Amino acid sequence: MDPLKLLFGPNRQVTEAQQQFTFSRRAFFLGGTQVGIGVLLAGRMAWLAVAENEKYALLAESNRVNLQIIPPRRGWIVDRNGRPIALNRTAFRVDLIPDRLADKDAVLTELAQVMRLTPVDVERVRADLKKAAGFQPVPVAENIDWETFAAVSLRTTEMPGVAPSEFFTRHYPEGASVGHLIGYVGAASAKDYEEKRDPLLITPGFKIGKDGLEKTQEVTLRGLPGAKRTEVTARGKLVRDLATRPDVPGKTVKLTVDAGLQAYTGRRLGLESGSAVVIDCETGGILTLSSMPSFDPNSFSDGIGRIEWRMLQEDDHIPMLNKAMQGLYPPGSTVKPAAALALLQNGVDPEETVFCNGGYTLGSRTFRCLGRHGPMNMRHALMKSCNTYFYAMGRRIGYDRIAPVAKMLGLGKEFDLPMPSQRYGTVPDSAWKRKKFDQDWSQSDTLNATIGQGYVLTSPLQLAVMSARIASGKMLDPYLIHGQRKPAARLPFSEEQLQVVRDGMDLVVNGAGTAVRSRLPLEGIRMAGKTGTAQVRAIKGGQRGQSGNWKYRDHGLFVFFAPVEKPRYAGAVVIEHGMGGARAAAPVAKSMMTYLYDPAKAMEELTALEAGWGGDVNTRMARKAAAWKAASDPKAAVQAAAEGSVEDSEIKKTTEIEERLDAGAPVNRDAAASPEPETAAAPVTADVPPRPAEGSPQ
Amino acid sequence: MTDGFVPAPLKQLPWRLLFLLLAIGGFGTIVLFSAAGGSLTPWAASHAVRFCIFLVMAIIMSRIPEEFYARMAMPGYAAVLILLIAVELIGGISGGSQRWLDLGFIRLQPSELMKLAVVLATARYYSMLPAGQVRTWTAVWPPVLLFGIPFVLVLLQPDLGTGLMIAAGGVTVMFLAGIPLRLFVGTAVIGAAALPVVFSFLHDYQQKRVLIFLNPEEDALGAGYHITQSKIAIGSGGIFGKGYLNGTQSHLDYLPEGHTDFVFATMAEEWGLLGGLAIIVAFVMVGRWGLQVASRATTRFGRMTAAALSMTIFYYVTINLLMVMGMAPVVGIPLPMVSHGGTAMLTVMLCLGVLMSIERHSRRRTGL
């Protein structure tokens, strides 16, 4: 077969006429094609312009209009009297808009001169610029002073792409004293944004609550962002301003806290690692929730420096832990009032005496008392903190009858509080031990638990609730957000029963008890209390937790209420490794109560104490930070001193940074490189003491 | 023909076509006035001036007899091919891709002229080929070489869009010449099968363009930006448009090349579907006029040239519109007589000049 035939068809002889005919047919076909394509194009256009018009009109509009989010002003946090605990301060910042930067190098050079940026700052901005694109602003500096801000603002026309702006920073007048309670704010993390996809979260300068009440009250405090709509060209040139919607500021959160007392307590705890809680006995409102040492939420909110962060991490007093709620301690003798109530509930006559000869014998073992107290009734047993009485009586009714009362009074409980985390500890009983260790509850377990040792673990907040409930006779629930609460139910104890315990606690301070040195220096107002000393580790050799290594000293605890006749305030103080409740904790309670009735007198006392400690909290923290800073780069300091040839301006800049650091102001250079506090390391949990050996001091 | 007021030479002009062209070119000027933000400069005024000059040139070309174009077809083709090779060599020496020759007063882009030259040369070849040989190899390989050589040269520049148009011009003439359909179908099938191979030979940026065309939203801010923004402009215009001088996509510079390749989008945003239909209908009518010229043409050369040139103009419009509406890759083909830029307008006017000459020739033979 002819391959050409296959290609060209059978009829290979074509005449002129045939050719003409073929042409006409094919030209007609092409004409049809033209019309067909014309219809196709018209159809496609109609599809875009009619069917999909809405979609594209929206896209054109979102092209045209640049929506700039105005971050809402954060609501204030105020104390029960309206005194601000967290508020906003106007601050100034300078950003660079990458898309509007015509000549990056020229602008950076001029900006560095105007703002006196260090070469390190300039390098950081350069690096950030490389990563950034479009309208996403690159921060140059936050919290600059007004003079610098004004200087930059005057030159914006010469430096296109530089955007100075005013914004708000969070300010906590009381500083470190409110750190754990209020928490702090910070820029939203990438994870936050991925979860919510809220563009507000990535708006420069916008901060969200990261801890404490700032975190839990976020919804109330945040407010609604405003929007500034501008018409812009593709290159970001502003054409005109369109309607602007103002922001709706966040709502104020009013607390039950007394800001003055909170600040005072923070300072009064001084060099100790401890916590203090005071509760309003009429309502259950928390007046103070203090844990020291703490962090300064101001420096956290501005982005904490690397060195400051490390300093907080390496401190053995664990400043990052809110000990008032997350610290768990054996309560020691502070639970004796609860045990006493349980005894009364189970028919023990408060006047019945137990003879204390310095200890209690169970089988072949002797459980020791602090002294030889002789005949003890309930009131005196509380006053002297006599272990023998409680060993004997506790054993009589059994701990399974004491535990429910301890729980009723708040021990081992978690409270409905707007705080990120609470630990609730342990109030053991036989069922608990069976479940946990698959062992029977022993008599010695009862003896240990009755005096607050052994398996018992409580938080300072729980101890404060316990004393508030005993003082008021009501099932008070602690709360932090000011507002109406429904009245608390009465405890299932008679007024006489409660009065026995209150009398005992009155005697502790005002009789011949363990805390007589902490009587209130006030006319006609008495404080009742109960001391406690909790072992941190087993008694070994001569060391009884009263000396030696700080880490192994006994904890000092104190629960209290005042005034005795008509309790108004109740609370608890725990001083870690304070060696004794009477010695370390009770004086703090005394100061706090004094402050509530006579602030001037209390401040006078505090000023004297602080003179001995080396200044108040903020001064000491700033000094410590400076020392850390100096210690962490001694090489640079030595080198700079040795070379001597470093330009004057260089040295001046370094000293400037030191000064800013001394004043507790943020140093952006560090802030930029600092790890996210939340993710850098989880706070270390409280040192749960090893189980003490049988027998216990006081 | 007794009308004494209108002189005969004027009366002989194809007024239907001229009105269409004036409408298209005038509309183009109006759109370019808006594209410049309501200014005659830099585009509208120069566009209008250039349009008038080229139109006059086309009318003058129409006075030249058809035989002249037929005779000059092969030498002209050879000259343009030499220019094309020259461009290639200069480009090779200067180490970059170059598409034009700087003649001092004009930057001549030989590949544009080649669109016309290929059609004329191929048509000339077939007009000289005896009818009996249409179904032989002699009817196939020389025309394939005629468009194949420039196609490859232009592809090397690299300019895929222009290269395809040159090839399309040649193929159209072959189709009209009566080459068996099975050859076209067979080639199309083989071509489709070879597409992946061809694709792998494309430049990176050309491959990217094709891929982006297939999925523009994938890279809406990068290279898919053109198509996306063009569709936004056209789609947001709706039926009646946003109103003259009210286009935001073009005025705020979101639409790139809003005065050249994407001028249709600029127009559609302000004039809506109605403006778009007007342009499409006008070009279809231009095409129809060209095919009518072809059907009335008296010579085989005239017939094939007229039909193929009509198609060449239509290819411009089709490729450009498919591109701006997101149905073809971005290949850089402007919308003739509307887009700012002289080269495409020059080519189209040259085509029209030849078409008008053929029309005049046929009228003289039959009518007068």
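Everything quoted here is computed from the prediction, not taken from an experiment. Throughout, a chain's letter reflects where its sequence line sits, starting with A, and its residues are numbered from 1.
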Is there a side-chain contact between [X] and [Y], using heavy atoms and a 4.5 Å cut-off?
X        : Y        : result
A:Arg26  : B:Leu181 : yes
B:Ser310 : A:Gln34  : yes
A:Asn63  : B:Ile232 : yes
A:Gln20  : B:Arg300 : no

Does any heavy atom of chain A fall under 4.5 Å from the side chain of [X], the backbone, both, or neither of them?
X        : value
B:Val140 : side chain
B:Ala308 : neither
B:Phe175 : both
B:Ile239 : both

Looking at every non-hydrogen atom in both residues, tell me the closest pair between [X] and [Y] and how far apart they are.
X        : Y        : answer
B:Leu273 : A:Ala49  : CB-CB, 4.4 Å
A:Phe23  : B:Ala307 : CZ-CB, 4.1 Å
B:Ser236 : A:Ala57  : CB-CA, 3.6 Å
B:Ala177 : A:Gln19  : O-NE2, 3.9 Å

* Among B:Pro180, B:Pro256, B:Gly241, who wins on heavy-atom pairs under 4.5 Å with chain A? ->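 Most pairs with chain A among the choices: B:Pro180.
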
* Asked: Between A:Phe29 and chain B, which part of the residue has a heavy atom less than 4.5 Å away: side chain, backbone, both or neither?
  ->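 Just the side chain, heavy atoms under 4.5 Å.
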
Give a yes or no on this: more than 12 heavy atoms of other residues, nucleotides or ligands lie within 6.0 Å of atom [atom1] of [X].
X       : atom1 : answer
A:Phe28 : CZ    : no
A:Glu54 : CD    : no
A:Phe21 : CZ    : no

Please tabulate, one pair per line, all N/O donor-acceptor pairs under 3.5 Å involving side-chain atoms of residues 222-231 of chain A, not counting sequence neighbours.
unit_1: A:Arg222; atom_1: NE; unit_2: A:Glu218; atom_2: OE2; d: 2.9
unit_1: A:Arg222; atom_1: NH2; unit_2: A:Glu218; atom_2: OE2; d: 3.2
unit_1: A:Thr230; atom_1: OG1; unit_2: A:Asn66; atom_2: O; d: 3.4
unit_1: A:Glu231; atom_1: OE1; unit_2: A:Arg64; atom_2: NH1; d: 2.4
unit_1: A:Glu231; atom_1: OE1; unit_2: A:Arg240; atom_2: NH2; d: 3.0

* Asked: Atom CZ of B:Phe314 and atom OG1 of A:Thr33: how far apart are they, to the nearest 0.5 Å?
  ->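 Taking CZ in B:Phe314 and OG1 in A:Thr33, the distance rounds to 8.5 Å.
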
* **OH on A:Tyr56 to CD on B:Gln249, rounded to 0.5 Å** =>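 B:Gln249 CD to A:Tyr56 OH: 11.0 Å, rounded to 0.5 Å.
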
* Members of residues 262-269 of chain B whose heavy atoms come closer than 4.5 Å to chain A ->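 Under the 4.5 Å heavy-atom cut-off, B:Phe264, B:Ala268 qualify.
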
* To do: Spell out the residues in residues 282-291 of chain B that have some non-hydrogen atom less than 4.5 Å away from a non-hydrogen atom of chain A, in order of number; otherwise answer 'none'.
  =>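 Those residues of residues 282-291 of chain B which have a heavy atom under 4.5 Å from chain A are B:Val284, B:Gly287, B:Arg288, B:Leu291.
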
What donor-acceptor contacts under 3.5 angstrom involve side-chain atoms of residues 36-47 of chain A, with partners at least two apart or in another chain?
unit_1: A:Arg44; atom_1: NE; unit_2: B:Met325; atom_2: O; d: 2.9
unit_1: A:Arg44; atom_1: NH2; unit_2: B:Met325; atom_2: O; d: 2.7
unit_1: A:Trp47; atom_1: NE1; unit_2: A:Glu52; atom_2: OE1; d: 3.2

* So B:Thr228 and A:Leu59, side-chain contact (heavy atoms from CB on, under 4.5 Å) or not? Walk me through it. -> CA-CA 10 Å; B:Thr228 307; A:Leu59 284 172; 5.9 Å; no

* For A:Asn53 and B:Gly235, indicate whether the former's side chain and the latter's backbone hold a donor-acceptor pair under 3.5 Å. =>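 Between the backbone of B:Gly235 and the side chain of A:Asn53 there is a qualifying donor-acceptor contact (under 3.5 Å).
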
